[in-house]
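Below: the structure, in structure tokens.
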Number of protein chains: 2
Amino acid sequence: MKTAITVAIVEDKEPIRQSLAILVDGADGFSCQATFETAEAALEYLPSHCVDVVLMDIDLPGMNGIDCVRHLKLLCPGTQFMMCTMYDEDETVFDALKAGANSYLLKRSPPHKLLEAITELYEGGAPMSSTIARKIASSFHINTSAPNELDVLTPREREILDRLSKGYSHKEVANELFVSPTTVRKHIFNIYEKLQVHSKVEAVNKYLGRR
Amino acid sequence: MKTAITVAIVEDKEPIRQSLAILVDGADGFSCQATFETAEAALEYLPSHCVDVVLMDIDLPGMNGIDCVRHLKLLCPGTQFMMCTMYDEDETVFDALKAGANSYLLKRSPPHKLLEAITELYEGGAPMSSTIARKIASSFHINTSAPNELDVLTPREREILDRLSKGYSHKEVANELFVSPTTVRKHIFNIYEKLQVHSKVEAVNKYLGRR
DNA sequence: ATCAAAATCATACAAATGCGGTATTGATGC
DNA sequence: GCATCAATACCGCATTTGTATGATTTTGAT
């Protein structure tokens, strides 16, 4: 028999943790090496006992699962991380991917799917729940209805937004463009209205495109 | 019996086109409505006869499959597009996603997987060959190996900086982290000192690696 | 020539922010 | 034990920023 895929589980809720461990350990070709109730516990043990795959809950007490992955990814470069959670909010999904996760399953997935996914992840895939996969694919679409949100801005407004993106204050922008600070503020206010934001950081994020 | 999933196929190579059509039409719950040898032919017919799913080859004579999707996506908003090709080069994959494809299968996939994928796509998923999925997931990973200025920040400071990067105000960060606004301000002040910046936008730029 | 949009500037107010200092607690390291 | 640092918290001040209202001038298109 070939070597089993080694797995660790980070999940604070006792019953879920137990049933995951039993599921994994009971299946042929899988071996549950460790379980943790908290991100901190995982961070303490795993770096010196790296496993193939970590099933990571996101909503943990103390440090959350995403930050935990961010750290572990550096300490266990060969380990694959599967987020395993209830939530499928956009920000959470993308933050998890940025942190280094290669898989994202919703907890409603049936047990046999989970084992399949672990294998796929181990073999170089990136198994995702279907709604998650769709979110990710959609995030690439160059939107048809709002091709460039920035198109609604006038050239002058773009010019000002560009300065803001470099961290300039109202006054600095005004000096550079040889207009009064109040003019700059008026422009910025108009920019905010058009982009539907309420602060510099939000506007700059839209300007430079997120992700 | 419920309505079959309607499918169209765009593929220039005769034998492949034929076997795909037979596979789809022969399976229960699927109906192959049309096949095309070229992107141009598909663009002429499909807008007035939209189908549920289009299997699209990329390497076509004349217009390629990606540009074809780009056009069709606007004319048939409800149609799902599955790229079905030999290539798995990065640029091709991402261009296809940007054009509006929600699925990307390599031609080496076995027939039953193809039918499964069509169903998954129709039901709101985004089925990908595993190597493709991994490429996509990896494209999100943030460059953590580079010598990072952010290493000088404490975990708490990074946590706060992350919220700032999303456009949160001091108060919003405080509420989310359950600490007082003055504490947040102190953290932010420390962050500015360490990163040698003097405003949110500058700090966020460093955090997100924007030069 | 006329009209609409864009760019300019002013004034005003409330809230948010940047900067400085101080202090307590708990954890870590020497 | 002692020093250091992270995290927490408060006070206060000057400035910046977000929002609102209003007005004038330039410019481009019809």
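First the proteins, then the strands, lettered A, B, ... as listed; each starts at 1.
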d([atom1], [X]; [atom2], [N]) in whole Å:
X        : N      : atom1 : atom2 : value
A:Leu164 : D:dT17 : CG    : C1'   : 11 Å
B:Ile188 : C:dT17 : CD1   : C1'   : 9 Å
A:Ile191 : C:dA6  : CD1   : C1'   : 13 Å
B:Tyr168 : C:dA16 : OH    : P     : 16 Å
A:Lys200 : C:dT17 : NZ    : C1'   : 10 Å
B:Lys171 : D:dT17 : NZ    : C1'   : 14 Å
B:Arg163 : C:dA16 : CZ    : C1'   : 20 Å
B:Glu193 : C:dG21 : CD    : C1'   : 12 Å

Report yes if the side chains of B:Met82 and B:Asn102 come closer than 4.5 Å at any heavy-atom pair, otherwise no.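 Not in contact.
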Please check: side-chain N/O of [X] versus main-chain N/O of [Y], any donor-acceptor pairing under 3.5 Å?
X        : Y        : answer
B:Asp52  : B:Thr6   : yes
B:Glu11  : B:Lys13  : yes
B:Ser129 : B:Leu106 : yes

Closer than 4.0 angstrom, basic N to acidic O: yes or no for A:Glu172 and A:Arg163?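 So A:Glu172 does not pair with A:Arg163 through a salt bridge.
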When you check the gap from the basic side-chain N to the acidic O, do A:Asp57 and A:Arg17 get nearer than 4.0 Å?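 A:Arg17 and A:Asp57: not salt-bridged.
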Counting any heavy atom closer than 4.0 Å, what does A:Lys186 reach on the DNA or RNA strands: base, sugar-phosphate only, or nothing?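 Base: the residue A:Lys186, judged by heavy atoms under 4.0 Å, touches a nucleobase.
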So what does B:His187 touch, heavy atoms closer than 4.0 Å: a base, only the sugar-phosphate, or nothing?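 If one applies the 4.0 Å heavy-atom cut-off, B:His187 turns out to touch a base.
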Which residues in residues 175-184 of chain B have a heavy atom closer than 4.0 Å to any atom of DNA chain D?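 Those residues are B:Val179, B:Ser180, B:Thr182, B:Thr183.
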Looking only at the side chain of B:Phe189 (C-beta and beyond, no hydrogens), which of the listed nucleotides D:dA7, C:dG20, D:dT17 gets closest?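 Looking only at heavy atoms from C-beta outward on B:Phe189, the closest nucleotide is C:dG20.
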Where the side chain of A:His198 is defined as all heavy atoms beyond and including C-beta, which of D:dT17, D:dT19, C:dA6 is the nearest nucleotide?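 Among D:dT17, D:dT19, C:dA6, the one nearest the side chain of A:His198 is D:dT19.
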Both B:Asn190 and A:Ser169 contact DNA chain D. Which one's nearest nucleotide lies toward the 5' end?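 The 5'-side residue here is B:Asn190.
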Just N and O in the side chain of B:His170: are any of them under 4.0 Å from OP1 or OP2 of C:dT17?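 Yes, such a contact exists.
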May I ask you to verify if any side-chain N or O of A:Arg156 is less than 4.0 angstrom from the OP1 or OP2 atom of C:dT8?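 For A:Arg156, the contact criterion (side-chain N or O under 4.0 Å from OP1 or OP2 of C:dT8) is met.
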Excluding sequence neighbours, so at least two apart, what forms side-chain hydrogen bond (donor to acceptor under 3.5 Å, both in side chains) with B:Ser199?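 B:Ser199 satisfies side-chain hydrogen bond (donor to acceptor under 3.5 Å, both in side chains) with B:Glu202 only.
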